Structure formats: structure tokens, C-alpha cells
Amino acid sequence: KRVAILISGGGSNMLALVASMTGDHPARPVLVASNDPAAMGLARAQGLGIATAAVDHRPFKGDRVAFEAALLEPVLAAEPDILCLAGFMRVLTPGFVARFEGRMLNIHPSLLPKYPGLHTHQRALDAGDAEAGCTVHQVTAVLDDGPMLGQARVPVLPGDTADALSQRVLMQEHRLYPACLRRFADGQAAPLFL
Ligand code: GRF
């Protein structure tokens, strides 16, 4: 299975996914693409010998369809079987999603359905939650929705800041996402709870 990974920043989740696709794993990374040409994850992917592409979303000034048409070019050229959004910070239109629905995954740093959208860790702290975590789900036209493939939970600790909590959750993202991708590539539908 050919996997393309979309990133916007450091790409730590992309690195974890790439590191997991070895040996008897049925998937291999074929492209890392970003909406930010300066994304550190692009240089890290290149260092691993993975093809990369960057389409800066800013010149498209909110014309999402035009940006996505440009992004689709390298993505389709890579002929991916599976698309993984990993720290990808652009909302995708239903038209883009429709092209990959059922084979597009995302990781979101909250225990969905709680806290879709941004600032998830601060919202969990403000709510006084005892636990936080991350969710891998199939991407649908509804933001941070879609069939769940897995979740990992972490405790919220006294004195936690959003930064401390995000680092604790990120560690679990790097465990959960590779495990969910492997199961998805193996055709296993049951969600995974770590
Ligand atoms: C992190 O906040 C992570 O929780 C979310 O995307 C952000 C960047 O992740 N999934 P990455 O290091 O670029 O994978």
C-alpha cells in the first residue's frame, strides 16, 4: 500500500508513521506534502529519502478549491492508496475529501467527540478534565468527525499547562497513529484503544 502524508509543521507524527512502515508492514511512504514550503517536516522527510512536495496555501488567499487543485497534482501523481493527515492544519473541502473518503486518516489531539477544532489541551484544562488524549479517525466532510480508528488516553496532572499536556499527548500520538495505520492497512476495522 502506498501512503502519502500531509503535514504543516515539524512532522513528528509523519516521522513516527514513516519509521513504522518497515519489514512486513504492508504500507510504504511514497510522498510527504505540505501547505508550507518551510515546514521542517519536509527537510526531515527528504533526509529519509522520501519524495516531498510543497504547495504554499497563502497565494490562494482563501480560495480553498484552487489551493487543493494545486495540492492534488503531486498527491495524485504519487498514486497513494492511503492519505494520512499528520499535523496538517488546513481544512479540506468536501470535494477533496470525497476523492479519498474511506482511505484518508487524521490524528486529532483530543478524545473525540470532545474538543473538535483547535486549542484542545487548553479546553480540556479549562473544563477540569481528569484525562486527555488523541484520536485517529477516518476523514469525512465534517471537521474532526468520521469513524474512529483508535484513541489513546493520558492523565491530566496537577499544575498541567497546555504545553505540558500537549507534549504528553504527542508521545501517545506517536504510538497510536502507527498502530492505527497498520491495522487500517491490514484491513482490520475494529478501533484500537491504548
Ligand atoms: C501537534 O499539535 C499534534 O497534536 C497534532 O498536530 C501538531 C503537530 O504535529 N496532531 P506534528 O509534530 O507536525 O506531527
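In this text, all values refer to a predicted model and were calculated from it rather than measured experimentally. Indexing begins at 1, ligand by ligand and atom by atom, following the structure's order.
- Side-chain atoms of Glu101 do not come within 3.5 Å of backbone N or O of Ala141 as any donor-acceptor pair.
- One finds no salt bridge joining Asp186 and Lys1 here, because no Lys/Arg side-chain nitrogen approaches an Asp/Glu carboxylate oxygen to under 4.0 Å.
- Side-chain contact of Asp36 with Ser8: a donor-acceptor pair under 3.5 Å is absent, judged by distance alone.
- In this structure, the side chains of Arg64 and Phe96 stay at 4.5 Å or more apart for every pair of heavy atoms.
- Of the N and O atoms on the side chains of Thr120 and His108, not one donor lies less than 3.5 Å from an acceptor on the other residue.
- Expressed to the nearest 0.5 Å, how far CD1 of Ile107 lies from CD of Glu173 amounts to 4.5 Å.
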What short N/O contacts, under 3.5 Å, does ligand 1 make with the protein, listed by atom pair and distance?
residue: ligand 1; atom: 4 (O); partner: Glu173; partner atom: OE1; Å: 3.2
residue: ligand 1; atom: 4 (O); partner: Glu173; partner atom: OE2; Å: 2.5
residue: ligand 1; atom: 10 (N); partner: Glu173; partner atom: OE1; Å: 3.1
residue: ligand 1; atom: 12 (O); partner: Ser12; partner atom: N; Å: 3.0
residue: ligand 1; atom: 12 (O); partner: Ser12; partner atom: OG; Å: 2.6
residue: ligand 1; atom: 13 (O); partner: Gly11; partner atom: N; Å: 2.9
residue: ligand 1; atom: 14 (O); partner: Ser12; partner atom: N; Å: 3.3
residue: ligand 1; atom: 14 (O); partner: Asn13; partner atom: N; Å: 2.8
residue: ligand 1; atom: 14 (O); partner: Asn13; partner atom: ND2; Å: 3.0

